[in-house]
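As structure tokens, the structure follows; a few thoughts come after it.
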Amino acid sequence: MDDSFFQNNPALKGISPQKLSFLTEFAKKNGQTNRQDLLPLLFATSSAAKEKGIHFSDEERSLIISLIRQQLSDSEEQKLDRMLSILKRAGGI
């Protein structure tokens, strides 16, 4: 995922600049991350957002996840579903 994916996406025009900046940083890290390291990255990103006082509404999270899904293969999407399930159980999202 290219780091401009979030910044230039018209679907995200209603999200605050602070949140967009945070998402752009996530995209930069994700672009340099192996797929097997994605789950720890998601946990770390979720924790970092909380530490910075950045909270995404359920609607914002759903929108972001749907945009990310558009970039994934079927197998990657299944992995994302498993990761999101783990994060939800751990209270990370």
Side-chain angles (χ1 to χ4, degrees):
M1 181 181 332
D2 150 331
D3 62 342
S4 66
F5 175 78
F6 292 110
Q7 289 287 346
N8 299 326
N9 196 311
L12 298 173
K13 67 182 177 184
I15 292 182
S16 76
Q18 179 189 28
K19 290 178 182 178
L20 283 176
S21 176
F22 185 81
L23 290 171
T24 300
E25 287 303 311
F26 167 76
K28 285 180 186 176
K29 290 177 186 176
N30 183 33
Q32 301 166 0
T33 301
N34 295 326
R35 293 290 182 215
Q36 71 249 20
D37 296 330
L38 191 55
L39 182 58
L41 176 63
L42 285 172
F43 276 113
T45 300
S46 178
S47 294
K50 285 181 182 179
E51 287 174 12
K52 292 182 178 189
I54 298 172
H55 303 282
F56 292 92
S57 68
D58 290 343
E59 189 175 287
E60 289 170 332
R61 276 193 297 272
S62 293
L63 174 61
I64 292 163
I65 291 167
S66 73
L67 292 172
I68 291 171
R69 282 183 193 283
Q70 294 172 13
Q71 307 295 310
L72 302 177
S73 68
D74 289 341
S75 64
E76 290 172 327
E77 191 172 353
Q78 290 173 354
K79 289 177 187 176
L80 175 64
D81 288 337
R82 287 192 297 270
M83 287 182 238
L84 291 172
S85 177
I86 291 168
L87 274 173
K88 285 178 185 175
R89 283 191 302 246
I93 59 171

For Asn9, side chain to side chain contact (heavy atoms under 4.5 Å, CB included) partners two or more places apart
Phe5, Ala11, Leu12, Leu67
If the condition is side chain to side chain contact (heavy atoms under 4.5 Å, CB included), which residues does Ser66 pass it with, not counting sequence neighbours?
Leu63
Mind checking the NZ-CE spacing from Lys88 to Met83? Nearest 0.5 Å is all I need.
13.5 Å
Spatial distance of atom NE2 (His55) from atom CZ (Arg61) [nearest 0.5 Å]
10.5 Å
Measuring from atom CD of Gln18 to atom CG of Leu23, what distance do you get when rounded to the nearest 0.5 angstrom?
10.5 Å
Measure the spacing between CZ of Arg69 and CG of Asp74 and express it to the nearest 0.5 Å.
11.0 Å
Enumerate the residue pairs fulfilling salt bridge (Lys or Arg N to Asp or Glu O under 4.0 Å) with a member in residues 8-24, sequence neighbours excluded, ordered by first and then second residue.
Lys19-Glu60
Under 3.5 Å: donor-acceptor pair, side chain of Thr24, backbone of Leu20
yes
To the nearest 0.5 Å, what is the distance between CZ (Phe56) and OG (Ser16)?
7.0 Å
With rounding to the nearest 0.5 Å, note down the distance linking CD1 in Ile86 to CZ in Arg82.
8.5 Å
Expected output: side-chain Ser21 to main-chain Pro17 donor-acceptor under 3.5 Å:
no
